[in-house]
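Worth knowing before you read on, the calculation uses all heavy atoms, side chains too, and leaves out hydrogens, waters and symmetry mates.
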Amino acid sequence: MLHDVPLGHPDFGKAFPCTCQSQARSARRLQRLQRLGSLNTLDQLTFAHFVPEPHHLSPDRIQNLRGAYETALEFAQRPEGWLFFSGVYGCGKTHLAAAIANARLEQGQPALFLVVPDLLDHLRATFGPQSETSYDELFEQVRSTPLLILDDLGAHNASPWATEKLFQLLNHRYQAKLPTVITTNQRLDELDPRLRSRLLDTEVVQFFSIIAPDYRAGVSSTASDLSTLSFHHNQRFDTFDIQRSDLAEEERQNLQKVFRACQRFAESPYGWLVMAGTYGCGKTHLAAAIANYQTEEMRQEAMFVVVPDLLDHLRAAFSPQAATSYDRRFDEVKKVRMLILDDLGTESASAWAKEKLFQLLNYRYNAMLPTVITTSAKPDAIEPWLRTRMFDVERCQFFGIIAPGYRGSAGQRARMGRRGAR
């Protein structure tokens with residue numbers, strides 16, 4: 001078609017595609033982009049198939065996941081600005097991002113869903129001699145698409161070229177305020193500082209951190225992979241032998257007092273609870289009983305970890321092959337809702353180990369996060385900074401268990417005999 005312009009106008013006599021042809025070309029470009037995307041394999045990830053209130057999650061996590069679901073649903077109805085989801089693998093962020101794209105397509109609106117490493121591969125492929133699309137054309141189509149969903153930001157190889165291309169892409173969309181959804185399992189401080197500053201702009205970006213664990217791990221995933229609570233599944237209050245026949249009366253009364261204190265703490269955890277005593281006296285069983293009660297009866301998160309194992313995990317996080325960075329691993333432990341540290345004092349007392357334990361426990365002490373500690377160390381053998389916190393009666397309950405070891409005792413043999421008789 002020719003534009004109706006006077007003689008001498010720059011467009012005089014030039015042919016331009018008609019409106020219908022322009023729309024058809026745009027539709028073809030969008031179809032090519034959709035083929036590059038990953039949504040064709042994610043068509044089952046819709047809002048209808050998302051479970052915002054999984055029964056195995058704690059109330060605070062259900063509330064958080066429900067909030068993420070409602071935020072995504074609202075964005076799908078009226079996409080404006082950016083929506084940024086962060087969380088661990090399998091927490092539901094990809095499902096919600098894909099649900100937004102599928103909902104927009106159902107409404108007849110364009111949406112492009114791309115996994116970040118795949119996007120970078122497509123851009124690199126345009127430099128090949130067989131490529132049907134030039135780099136400039138593809139890059140312009142992606143950065144200007146009406147709605148862009150980028151999944152797994154941070155999962156790519158962070159070469160200077162990749163970092164620069166992502167910044168150019170997202171900076172353009174930020175400046176133009178083009179609707180964009182981003183998911184990542186990284187923390188903000190692990191991302192490119194230039195991008196991080198834009199993600200912190202609350203006028204453009206809705207930031208939502210999903211605290212649910214990996215849903216694919218099943219109902220037992222209420223704690224970190226650091227936790228060994230599953231090894232202690234049979235150590236509950238009802239399996240604890242509080243009437244040990246081998247104990248003196250003073251020892252039995254002491255053990256019953258500690259038992260009742262642990263029950264109260266499990267029902268209403270506040271501050272710290274420390275149990276000191278010889279090996280096998282029952283302190284690990286009671287600590288595990290608290291954790292099992294919290295996860296099973298109260299549906300709250302509890303991490304159970306032996307102190308030397310914890311330090312090994314933290315050291316391993318420095319390895320280049322580590323799946324989780326040290327900072328994230330350390331944050332996971334120090335901020336968990338309830339932490340049970342078993343066998344404090346059996347770890348290698350290196351300067352590094354002392355420093356990490358101080359940072360961990362000082363944070364939890366100041367934040368008043370429920371913490372259970374078991375130790376076989378005498379009070380005067382405990383680090384002074386920790387000893388003063390353990391004996392702070394406003395924030396900590398300290399119990400010394402005077403009962404001897406249970407394993408192999410006459411009480412254990414008698415109980416096993418009664419069980420065999422049944």
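Between R252 atom CZ and E249 atom CD the span is 5.5 Å, to the nearest 0.5 Å. In this structure, CD on E332 lies 10.0 Å from NE2 on H313, to the nearest 0.5 angstrom. Expressed to the nearest 0.5 Å, how far CZ of F50 lies from OH of Y69 amounts to 8.5 Å. Here C262 contributes atom SG and K257 contributes atom NZ; the two are 12.0 Å apart, rounded to the nearest 0.5 Å. Here the straight-line distance linking atom CG of L255 with atom CD1 of I242 works out to 6.0 Å at 0.5 Å rounding. The OG1 atom of T145 lies 11.0 Å from the CD atom of E140; values are rounded to the nearest 0.5 Å.
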**OP:** Decide yes or no on side-chain contact (heavy atoms from CB on, under 4.5 Å) for L96 and T71, but give the supporting numbers first.
**Re:** CA-CA 9 Å; L96 290 174; T71 299; over 6 Å; no
**OP:** Might you work through the salt bridge (Lys or Arg N to Asp or Glu O under 4.0 Å) test for R61 and E53, ending with a clear yes or no?
**Re:** CA-CA 9 Å; R61 290 185 166 187; E53 298 182 4; over 6 Å; no
Original post:
Given the rule in the side-chain contact (heavy atoms from CB on, under 4.5 Å) test, do Q168 and R143 qualify, once you have shown the distances and angles that lead to the verdict?
Top reply: CA-CA 9 Å; Q168 289 175 341; R143 76 173 188 169; 5.9 Å; no
**OP:** Report the C-alpha separation of T133 and E137 in whole Å, then their side-chain angles, then the decisive distance to 0.1 Å, and conclude whether the side chain to side chain donor-acceptor pair (under 3.5 Å) test is met.
**Re:** CA-CA 7 Å; T133 307; E137 182 183 1; 4.7 Å; no
**OP:** Could you go through the side-chain contact (heavy atoms from CB on, under 4.5 Å) check for D309 and L226 one step at a time?
**Re:** CA-CA 9 Å; D309 293 344; L226 289 177; over 6 Å; no
**OP:** Start with the C-alpha gap between Q263 and R260, add the side-chain angles, then the distance that decides, and say whether side chain to side chain donor-acceptor pair (under 3.5 Å) holds.
**Re:** CA-CA 5 Å; Q263 283 185 314; R260 289 191 294 269; over 6 Å; no
**OP:** List the steps, then state whether salt bridge (Lys or Arg N to Asp or Glu O under 4.0 Å) holds for D380 with K378.
**Re:** CA-CA 6 Å; D380 57 2; K378 301 290 184 183; over 6 Å; no
Original post:
Step by step, would you call R337 with Q294 a side chain to side chain donor-acceptor pair (under 3.5 Å)?
Top reply: CA-CA 10 Å; R337 183 186 175 278; Q294 276 288 297; 2.7 Å; yes
Original post:
After noting the C-alpha distance and the side-chain angles of F139 and T126, does the key distance pass the side-chain contact (heavy atoms from CB on, under 4.5 Å) rule?
Top reply: CA-CA 10 Å; F139 190 74; T126 59; over 6 Å; no
Original post:
Going through the distances and angles, do H285 and T239 end up as a side chain to side chain donor-acceptor pair (under 3.5 Å)?
Top reply: CA-CA 9 Å; H285 187 139; T239 61; 3.2 Å; yes
Original post:
What do the steps show when you test F127 against Y135 for ring-ring contact (aromatic ring centres under 6.0 Å, His included), and what is the final call?
Top reply: CA-CA 7 Å; F127 294 109; Y135 166 83; 5.2 Å; yes
**OP:** Walk me through it: do R124 and D121 pass the test salt bridge (Lys or Arg N to Asp or Glu O under 4.0 Å)?
**Re:** CA-CA 5 Å; R124 291 186 189 97; D121 283 347; 3.0 Å; yes
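Using bins of under 30°, 30° to 60° and over 60° for the plane-to-plane angle, the ring pair W82/Y174 lands in the perpendicular bin. Between F237 and F259, the angle of the ring planes goes over 60°, which puts this pair in the perpendicular group of the 30/60° scheme. Ring planes of F318 and Y326: parallel class, angle under 30° (limits at 30 and 60°).
When all heavy atoms of A261 and L273 are compared, the closest pair comes out as O-CD1, 4.1 Å. Nearest heavy-atom pair, L83 versus A72, reported as atom, atom and distance to 0.1 Å: CD2-CA, 4.1 Å. Across R196 and L191, no two heavy atoms sit closer than the pair NH1-O, 2.9 Å. Across every non-hydrogen atom of F265 and M338, the tightest pair is CE2-CE, 3.9 Å. Nearest heavy-atom pair across I149 and A111 is CD1-CB, 4.4 Å. Shortest non-hydrogen contact noted between R194 and R198 is O-NH1, 2.6 Å.
Taking the side chain as every heavy atom from C-beta outward, L150 and L170 approach each other to under 4.5 Å. In this structure the side chain of M275 never reaches within 4.5 angstrom of the side chain of I373, judged on heavy atoms. Using a 4.5 Å cut-off on side-chain heavy atoms (C-beta onward), L123 and L138 make contact. Counting heavy atoms from C-beta on, the side chains of L199 and I182 come closer than 4.5 Å. For the pair V274 and F399, the minimum side-chain heavy-atom distance is 4.5 Å or more. The shortest distance between side-chain heavy atoms of D343 and V307 does not fall below 4.5 Å. Residues L166 and L195 have side chains not in contact (no heavy-atom distance under 4.5 Å, counting atoms from C-beta outward). At a threshold of 4.5 Å between non-hydrogen side-chain atoms, the residues F84 and T180 do not count as touching.
The closest donor-acceptor contact from the side chain of N292 to the backbone of Q235 lies under 3.5 Å. No donor-acceptor pair under 3.5 Å is formed between the side chain of D342 and the backbone N or O of T284. Of the possible donor and acceptor atoms, one in the side chain of S227 sits under 3.5 Å from a partner among the backbone N and O of F304. The backbone N or O of M368 sits nowhere less than 3.5 Å from a side-chain atom of W272 that would complete a donor-acceptor pair. A donor-acceptor pair is defined here as one N or O able to donate and one able to accept, closer than 3.5 Å; no such pair exists between the side chain of E296 and the backbone of Y293. Between the side chain of T371 and the main chain of L369, a donor-acceptor pair closer than 3.5 Å is present. Within the 3.5 Å criterion, the main-chain N or O of A276 finds no donor-acceptor partner in the side chain of K283. Without hydrogens or angle criteria, T228 side chain to V305 main chain gives no donor-acceptor distance under 3.5 Å. At distances below 3.5 Å, at least one donor-acceptor pair connects side-chain atoms of N102 with backbone N or O atoms of A98. Here the side chain of R364 pairs a donor or acceptor atom with the backbone of P370 at under 3.5 angstrom.
Counted within 6.0 Å of CD on E106, heavy atoms from surrounding residues, nucleotides or ligands total 12 or fewer; the atom is thus considered open. Environment of CD in E70: crowded, with over 12 heavy atoms of neighbouring residues, nucleotides or ligands closer than 6.0 Å. Around atom CD of Q107, more than 12 heavy atoms belonging to other residues, nucleotides or ligands sit under 6.0 Å away. Open room surrounds CZ on F231; 12 or fewer heavy atoms of other groups in view lie less than 6.0 Å from it.
Counting only N and O atoms by type, the side chains of T184 and Q186 include no donor and acceptor under 3.5 Å apart.
Between R264 and E267, no side-chain nitrogen of the basic residue sits less than 4.0 Å from a carboxylate oxygen of the acidic one, so the salt-bridge criterion is not met.
For residues 389-399, the pairs satisfying side-chain hydrogen bond (donor to acceptor under 3.5 Å, both in side chains) are N362-R389, Y365-D392, with sequence neighbours left out.
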